[in-house]
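This one's a predicted model, so the numbers in the text were calculated from it and none came from an experiment. Naming: A, B, ... by sequence-line order, numbering from 1 per chain.
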Protein chains: 2
Amino acid sequence: MVKHRISLKDIAKELGVSISTVSRGLRDHPDISDEMIVRIKELAELRNYSPNPMAMGLLKQRTRMIGVIVPDLVTHFFSSVISGIEEVAKEKGYFVIVSPSNESFLKEKENIGNLMKARVEGFIVCLSQETTDYSHFEQIIEAEIPLVFFDRVCLKEKVPSVTADSFEAARGITHHFYENNARRIAYISGPDHLNISDERRMGYLQGLADCGLEFRPEYLQKCDLSTASAAMATRRLLILPAPPDAIFGINDTVVFAAMKEIRNFGLTVPKDILLVGFTDEFHATVVNPMLTSVMHPTNEMGKVAASLFFELTDNVGFPPKSVELKTKLVIRESSVRK
Amino acid sequence: MVKHRISLKDIAKELGVSISTVSRGLRDHPDISDEMIVRIKELAELRNYSPNPMAMGLLKQRTRMIGVIVPDLVTHFFSSVISGIEEVAKEKGYFVIVSPSNESFLKEKENIGNLMKARVEGFIVCLSQETTDYSHFEQIIEAEIPLVFFDRVCLKEKVPSVTADSFEAARGITHHFYENNARRIAYISGPDHLNISDERRMGYLQGLADCGLEFRPEYLQKCDLSTASAAMATRRLLILPAPPDAIFGINDTVVFAAMKEIRNFGLTVPKDILLVGFTDEFHATVVNPMLTSVMHPTNEMGKVAASLFFELTDNVGFPPKSVELKTKLVIRESSVRK
DNA sequence: GAACTTTCCGCAAAGGTTTGCGCAAAGCAT
DNA sequence: ATGCTTTGCGCAAACCTTTGCGGAAAGTTC
């Protein structure tokens, strides 16, 4: 059992005053004399007093905790978004509890249930790839608990969100491929219901149309964001009679897996196939050749998500905002033909 | 403000019984009749009641939260360790609050201060690379709060810990290099005060001695675990009059940075330089050539750390345990010469 | 000197839950 | 009928902090 922690009662007893005097003294209440305030603060400091958040929480019905649900931990993308969230949250005196769903719908629901039980004051969420049923979010909305989505979002008419300009980014990639003499351009997508999959697919189609290229269904392959299924999607492209001469994937991890498969096939990047990813992970510059990728303003995404969150507590009843941040294509070796 | 949550009082009022009856009924107390228990549970379920953790916490001085401090989020290593911790913690009805220190001593201290304020029931910690002053941990020990270290550890005589067999692993790497005809073997270390740095260095030295190779100080370069300093350490090796023909690094991220530097230098792996890393990240199989690395039983490390944590609450006063887990060298292209 | 005002404290209720202990009613033994 | 035991509840204290409001003592005004 933990040693007894110092409470207002202990301070009060030692100073020979009441608990309410100590409580007010620590908060510079005008009813308390300056002399008394000094005595109280000095002793509190000496005794290493800090208020008990459970008592405060019980009284004010506040935990000062925000639940953040991400589908994956091990990417710079999410790490940087979380950093942005924490920066804004900390300014407001809030904790962030990160709960990875590991791309599992059931785990996502379970995490939300657990965080509800822990009485977090609200949620900032990026959907798992399996999530198509949003009823667990409807319950949060129903309970009037603040909720914000980022990157992979849903219920935009009810919940504020911050995303990236995926459509334009995918369109830009397709243009970039075309400008590097690629004519058989493929896209390895994720699950259809994810807004990022769909927006990138639409951008890809628009890009093809822009360049006067015909859409070929066999050049649009899906995977479930695992490296194994990404490898299989790549294989399906490579064994085509007229395999693609350029491929982009829904994120860098998918493209890393594609890169392995291309190499296993005895082909080389960029000579045989141009390659581009999304999210610009650290390893984009480690792999050989270095990977062209779409850089997201991830830290800003986190900050915007947290700002939207705090705006919610101030502005109940306003229509939810949707913020779209601009991305940038970082061109490296993998997508350039001399 | 959040809508009113259902409390025992509400259930009691609706059933026309007392709060203590409802409280006991929900817990199958023998003083409460079976009939009453059924009525109470049915209504609680219908009203979606869940106990308020702040009230419980105030009463029992428990938060059911464990603070987990890791130096870095974006590696499969830490992600998998955290998974192991969470698995055991969840079995015990506990939450895990993950606080990354981002390899910063000050951030580590701040995180601990914040988690103390949040009244987590204890800590499971992996040291930041900057940590040489352990007074913030001494304070935890002093307060009789459970504390366990993993991977990068300190205060082993006071605090239970779980590590990997770094000495044997480094020794094995050195042997492996030797068996692949490397004779100028280098090690890119981390900060000296980290046990993993030191143990791997000792294993390296032992391995050199085993193979009848002379230790050359210029083949032992240090970095601070950032990719920039890893690149510089690599450069210092490459510009030597007799540069190494094999290099291993303290972790995969360091080795990925080395890989880039070697390529920038116009050299190739493994033809010119054999390469090996630690922690066997996912990208070890993406990079070309695929990287040989030391695989750690990370999920088990997490489970052992959490088990040690819960043992602490049961067995106060016992000498702290030190568990060392076995690693495995996964041999791939980067360290094999035909 | 009396009446009124100001200063600077303290009491106790409240948040939600657990639990020691008390009590009324029913059951049982003599 | 009486006395004892068992059953099945309820009361209220406790955890820690904030805060509305009350009150004693000092200060001010007439």
Provide a list of protein-nucleic acid N or O atom pairs under 3.5 angstrom, restricted to nucleotides 10-12 of chain C.
residue, atom, partner, partner atom, Å
C:dG10, OP1, A:S18, N, 3.3
C:dG10, OP2, A:S18, N, 2.9
C:dG10, OP2, A:S18, OG, 2.8
C:dG10, OP2, A:T21, OG1, 2.1
C:dG10, O6, A:R24, NH1, 3.3
C:dC11, N4, A:S20, OG, 2.9

Compute the angle between the rotation axes at the two ends of the helix from C:dG1-D:dC30 to C:dT30-D:dA1, each taken over five pairs, rounded to 10 degrees.
->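 Answer rounded to 10°: the end axes differ by 60°.
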
Looking at A:F105 versus A:H136, is the centre-to-centre ring distance below 6.0 Å?
->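 Aromatic pair counts; centres sit under 6.0 Å.
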
For the ring pair A:F137 and A:F123, is the centre-to-centre distance below 6.0 Å?
->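 Here the rings of A:F123 and A:F137 have centres that are no less than 6.0 Å from each other.
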
Report yes if a side-chain nitrogen or oxygen of [X] is closer than 4.0 Å to either non-bridging phosphate oxygen (OP1 or OP2) of [N]; otherwise report no.
X: A:Y49; N: D:dC16; result: no
X: A:K60; N: D:dT19; result: yes
X: A:K9; N: D:dA14; result: no
X: B:R27; N: C:dT19; result: yes

Can a salt bridge be assigned to the pair B:R64 and B:E121 using a cut-off of 4.0 Å between side-chain N and carboxylate O?
->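 Salt bridge between B:R64 and B:E121, a charged N being under 4.0 Å from a carboxylate O: no.
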
Does a side-chain N-to-carboxylate-O contact under 4.0 Å join A:D10 and A:R5?
->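 No, no charged N to carboxylate O under 4.0 Å.
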
Using atom [atom1] of [X] as one end and atom [atom2] of [N] as the other, report the distance to the nearest whole Å.
X: B:R64; N: C:dT17; atom1: CZ; atom2: C1'; result: 14 Å
X: A:I40; N: C:dC9; atom1: CD1; atom2: C1'; result: 10 Å
X: A:I11; N: D:dC16; atom1: CD1; atom2: C1'; result: 13 Å
X: B:I32; N: D:dT7; atom1: CD1; atom2: P; result: 13 Å
X: A:R62; N: D:dC16; atom1: CZ; atom2: C1'; result: 18 Å
X: B:L58; N: D:dC15; atom1: CG; atom2: C1'; result: 4 Å
X: A:R119; N: C:dT17; atom1: CZ; atom2: C1'; result: 11 Å
X: B:D10; N: C:dG15; atom1: CG; atom2: P; result: 10 Å

If you count the non-hydrogen atoms of other residues, nucleotides and ligands that lie under 6.0 Å from CD in A:E157, is the total more than 12?
->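 Atom CD in A:E157 is crowded, with more than 12 foreign heavy atoms closer than 6.0 Å.
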
If you draw a 6.0 Å radius around CG in A:D28, do more than 12 non-hydrogen atoms from other residues or ligands fall strictly inside?
->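 Yes.
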
Whether the [X] and [Y] side chains hold a donor-acceptor pair (N or O, under 3.5 Å, no angle test) is what I'd like checked.
X: B:S104; Y: B:N102; result: no
X: B:S128; Y: B:T131; result: yes
X: B:T21; Y: B:S18; result: yes

Nucleotide of C:dA14, D:dC15, D:dG8 approaching B:L59 most closely (side-chain heavy atoms) |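 Nucleotide nearest to B:L59's side chain: D:dC15.
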
Just checking B:M36: base, sugar-phosphate only, or nothing, at a heavy-atom cut-off of under 4.0 Å?
->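 The residue B:M36 makes sugar-phosphate contact but no base contact.
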
How would you label the contact of B:S23 with the nucleic acid (heavy atoms, under 4.0 Å): base, sugar-phosphate, or nothing?
->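 Counting heavy atoms under 4.0 Å across all strands, the contact made by B:S23 includes a base.
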
Start at the 5' end of DNA chain D and walk down; is the nucleotide closest to B:P30 or to A:L8 reached first?
->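 The 5'-side residue here is B:P30.
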
Decide yes or no for A:F149 and A:C154: does some side-chain heavy atom of the first lie under 4.5 Å from some side-chain heavy atom of the second?
->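 Yes, their side chains come closer than 4.5 Å.
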
